[in-house]
2 protein chains.
Amino acid sequence: MSSSRATLMQVAERAGVSLASTSRALHGTGASQAMVDRVRAAAAELGYSPDAIGRSLRMKRTFQVAFAVADIGNPVYVEMLTAIHEVLAPHGYRVVVMSTGHTVASTVDLVRSLGSGFVDGLIVSPLRTDDALVEAIRQAPVPVVVIGRSLEKQGIDSVSTDSAAGIGQAVAHLVKIGRRRIGFVNGPLDTTPGAARQRGFDAATSAPAFAGNHAETERAENFTVAAGLAAARRLLSRTPASGPFDAVVAANDLLAIGVIRAAGELGLSVPGELAVTGMDDTEIGKVFQPSLTSVSLGSAERGRAAAQLVLDRVGDVVEPAQQIAIGPHLVVRESTAPPTELPASKEKSAR
Amino acid sequence: MSSSRATLMQVAERAGVSLASTSRALHGTGASQAMVDRVRAAAAELGYSPDAIGRSLRMKRTFQVAFAVADIGNPVYVEMLTAIHEVLAPHGYRVVVMSTGHTVASTVDLVRSLGSGFVDGLIVSPLRTDDALVEAIRQAPVPVVVIGRSLEKQGIDSVSTDSAAGIGQAVAHLVKIGRRRIGFVNGPLDTTPGAARQRGFDAATSAPAFAGNHAETERAENFTVAAGLAAARRLLSRTPASGPFDAVVAANDLLAIGVIRAAGELGLSVPGELAVTGMDDTEIGKVFQPSLTSVSLGSAERGRAAAQLVLDRVGDVVEPAQQIAIGPHLVVRESTAPPTELPASKEKSAR
DNA sequence: GATCGGCCTGGAAACGTTTCCGGTGATGTC
DNA sequence: GACATCACCGGAAACGTTTCCAGGCCGATC
């Protein structure tokens, strides 16, 4: 926190050359070798390092990209952040983490705040979307990439995934291993992921392949473990006419963990008596006990794609909006298996 | 991504007043009401929003703070990040996430890069520290707050916690509930937390209160679940002369989860046959099955304190370096309990 | 030998903002 | 009525950098 930093002007004086030449020498273009050596030496002596603000002002580039999510506590977003960081850092870009807040209005505010130009681009994964937000994004003074649903018609760059199809994969898997009464623990329906996943569940359970089985939805207040626990308690306290639930599809790994905890409370073994699937294929799901069968939506991959898209855009390539889709795929682990033939004792068999 | 943004100059012209007055009117000091109204109107018409870069250049303030950690994948750092964000955002500060890398050299580079002045302050939680880093921090052109060990003698602001004492609390708890052969799964000893926690374990297990019991350390490659799993396999494959391990202290919640998984592999029940403690009291530990007894080091609290410290410092209050200490405390959950009296059937001695 | 082209350099402008400073008009006080 | 005080306004400088432009030098070409 010592002496104020050296400026380019000071380096120029020290080297006895002009300001322009100094800049060129350090920047590396159109300067003689002698000049470069001289300036480099002076810069080293003074411990010069270029001022990012001055440079930004002149170049109209901040070398910063913002990443905005509602809840950085959700491991999915952390994975995205890591991936984004890995792509951007080698290009000299910094990542600013922002919070969208939980309402769409606050997200609109955030997008508008890009007007102050502290950032060259934005990657945002909004929980909720509406026309105002779409419009704000379209008007935004810097490239914006949305991670979430495809916004092709709206002409906005997006990296999406078909989470509805992902839920379909989970349901298909459960049916295939012999589950007949499937509950669905979803998040709020007015969120983009909540709506998509509900569509996926409804479609999968009204398809011919599902005929004769039972399906039922319970809605959690949000996408956290606590909400999942509460919702699962409600769901599992009901018993369909055809018999107790033997599987639960959760819209989220966190919700799934809540479901498993609820099952534990009720003395239901997982996967023996209750198979549970999650979604997002997070690290926490991998290490949970039992490890979580989960639909991977390629969080890291989506993060990387979004970052690459922003990078392309700030390199002022003006192209029509691009849509990148990442296919979901199911990763089967311990939390799903064919139902155990229960011995009369109803105690859990060997581990 | 439409028309280029309006500048203050344009607002001034539109309002028919000087640039200086425009700035004052918007900034709110020393302008008549009439002037304010007039300028506000013009600004609104043009959709003006002030340019952060121009402002930064002039004010020598970026309204950004960097938070640097080795591994943002570790939930502890996510909790800190959240807390930091919550403190800083209301003051108009943005948070830039940076990676220190795993070597001390790359951390030094990062601190040096502050010289480019893109940020008003830095909060860093380095895994490893050496004299070069301390010196770099002391020379840094902006306030730096270290989360980790106390750096009082070095004259650096720090927010620390006595993790050694925390390990002591864990050991005391285990002894109290009747555990006699305690393993310690630690991370690398050349890291700051690794070293401190080892000291804590060694001190606790060589204290009179521990006399007659067995203690043994196994070192994991890093602080992740996978490393914890591997280390626990090694540890539990050994059997002390006095009998098998009945408790494991892990230096970290992630390591603890690895330990529990290893116990599962070996058919050991937790907490019945093996009690396990973690450290950091992370969200994932709370929801794990069994939920984790863990030593809280107040991650969120430390984040908040560090953020507040940076905030004070950028408000150019020049005071001697401050040391804030957060006391550790044990949170007992399911993963520790008195040993179960094993029915004769279970082959305990043979293992 | 004059001209042209190419390489290199220095001067100066520009990016958008805040703030110092001097000036003007109005108001209040003796 | 003169003078000090005050509130407000406009001009201009400054923050640190990059880049346009013009000019100087040198070698090569005709």
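Note on naming: letters A, B, ... go to the chains in the order of the sequence lines (proteins, then strands), and numbering restarts at 1 for each one. Note that the coordinates shown come from a computational prediction; the quantities given were computed from them, not determined experimentally.
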Query raised in the report: Does B:Met59 CE have over 12 foreign heavy atoms under 6.0 Å away?
Result: yes
**Report entry** A:Gly92 to A:Phe63 - nearest heavy-atom pair and separation
**Finding:** O-CB, 3.7 Å
**Report entry** Flag for A:Ser18-A:Ser21: side-chain donor and acceptor within less than 3.5 Å
**Finding:** yes
Report task. Record whether the side chain of B:Arg24 comes under 3.5 Å of the base of D:dG10 through a donor-acceptor pair of N or O atoms. Result -> yes
Query raised in the report: Which of residues 51-60 of chain A sit near DNA chain D, with a heavy atom under 4.0 Å from it?
Result: A:Asp51, A:Gly54, A:Arg55, A:Leu57, A:Arg58, A:Met59
**Report entry** Interatomic distance where CD belongs to B:Gln10 and P belongs to C:dA14 [whole Å]
**Finding:** 15 Å
Query - Over 12 non-hydrogen atoms of neighbours within 6.0 angstrom of CD in A:Gln154 - result: yes
Requested in this report: Check whether any side-chain N or O of B:Ser21 sits under 4.0 Å from OP1 or OP2 of D:dC9, and answer yes or no.
Outcome: no
Report summary line: Rounded to whole Å, the OH-C1' distance (B:Tyr48 to C:dG16) equals 7 Å
**Report entry** B:Ser23 side-chain N/O to C:dT18 phosphate OP1/OP2 under 4.0 Å
**Finding:** yes
Report task. Determine the minimum heavy-atom distance between A:Ala136 and A:Val111, stating which atoms define it. Result -> O-CG1, 3.6 Å
Query raised in the report: Is the shortest distance from a Lys or Arg side-chain nitrogen in A:Glu301 or A:Arg304 to a carboxylate oxygen in the other one below 4.0 Å?
Result: no
Query raised in the report: Between atom CG in A:Leu19 and atom C1' in C:dA12, what is the gap in whole Å?
Result: 10 Å
**Report entry** Protein-nucleotide distance (A:Met35, atom CE; C:dT9, atom P), rounded to Å
**Finding:** 4 Å
Report summary line: Whole-Å distance, B:His27 NE2 to C:dG16 C1', equals 15 Å
Requested in this report: Could you pull out the closest heavy-atom pair between B:Pro126 and B:Ile147, with the gap in Å?
Outcome: CD-O, 3.8 Å
Query raised in the report: Between D:dT17 atom P and A:Glu13 atom CD, what is the distance in whole Å?
Result: 13 Å
Query raised in the report: Which of the following nucleotides, D:dT19, C:dT17, D:dC8, is nearest to the side chain of B:Ser32?
Result: D:dC8
Query raised in the report: Given atom CG of B:Leu26 and atom C1' of C:dT17, what is their separation to the nearest angstrom?
Result: 11 Å
Requested in this report: With the side chain of A:Thr7 defined as its heavy atoms from C-beta on, choose the nearest nucleotide among D:dG16, D:dA12, C:dG11.
Outcome: D:dG16
